[in-house]
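In what follows, a single structure is set out as structure tokens and then discussed.
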Amino acid sequence: MTVMERVAYLKGLYEGLDIDTDKKEGKLLAGMLSAMEELAEAVTDLKQQNEELLDELDDVYEEISAITEDFLAVDDDDEDAEMLDLEQELYQVVCPTCGEVIYLDEDMLEAGSISCGACGEELEFDLSGLDNSDET
């Protein structure tokens, strides 16, 4: 039995008792019954909203799972697999404009410049003055 059905049953009992609403006790019982009806409606609405939110949340979780699977799935034959070389050395650069930390690989450094993902500032790299002691 739902909350609304229980309140409706109590309301039927109240009306069947033919209580005088002009007396204090009758006013009290009528007020309590009215408050119970409002609470039952509110609880029913909240349950319905909660079910709708849970359904939407399930949909969001499913979408996130699908996106995560697509993002993390790497096919050995895929050309993008080269981009996920975990043994490649990364360099950390701080954007002088916004302070965003940016990680670069050697290819990105050799390109000479990159845009900051946070503020769009063009960061330029001049590697000509570096001593290449690894080649000796």
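These values consider heavy atoms only, across backbone and side chains, with no hydrogens, waters or symmetry-generated copies. Nothing here was measured: the structure is a model prediction, and the numbers come from that model.
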Under the rule for side-chain hydrogen bond (donor to acceptor under 3.5 Å, both in side chains), what residues qualify as partners of Lys11, not counting sequence neighbours? Glu37
Decide yes or no for Asp55 and Glu52: does some side-chain heavy atom of the first lie under 4.5 Å from some side-chain heavy atom of the second? no
With a 4.5 Å cut-off on side-chain heavy atoms, are Ile102 and Cys116 touching? yes
Ignoring hydrogens, what is the shortest heavy-atom contact between Val94 and Gly99? Give both atom names and the distance. CG1-O, 3.7 Å
Got a list of side-chain donor-acceptor pairs under 3.5 Å for residues 15-35, not counting sequence neighbours?
unit_1, atom_1, unit_2, atom_2, d
Asp20, OD1, Asp22, N, 3.1

For a side-chain contact (heavy atoms from CB on, under 4.5 Å) check, start with the C-alpha distance between Tyr9 and Val7, then their side-chain angles and the critical distance, and finish with the verdict. CA-CA 5 Å; Tyr9 173 75; Val7 171; over 6 Å; no
Rounded to the nearest 0.5 Å, how far does [atom2] of [Y] lie from [atom1] of [X]?
X: Leu46; Y: Glu41; atom1: CG; atom2: CD; value: 12.0 Å
X: Glu122; Y: Glu124; atom1: CD; atom2: CD; value: 6.5 Å
X: Leu123; Y: Cys95; atom1: CG; atom2: SG; value: 5.0 Å
X: Leu39; Y: Thr44; atom1: CG; atom2: OG1; value: 10.5 Å

Between side-chain atoms of residues 56-65 and protein atoms elsewhere (two or more places apart, or another chain), which donor-acceptor pairs fall under 3.5 Å?
unit_1, atom_1, unit_2, atom_2, d
Ser65, OG, Tyr61, O, 3.0

Under the 3.5 angstrom rule, does the side chain of Glu51 hit a backbone N or O of Gln48 as a donor-acceptor pair? no
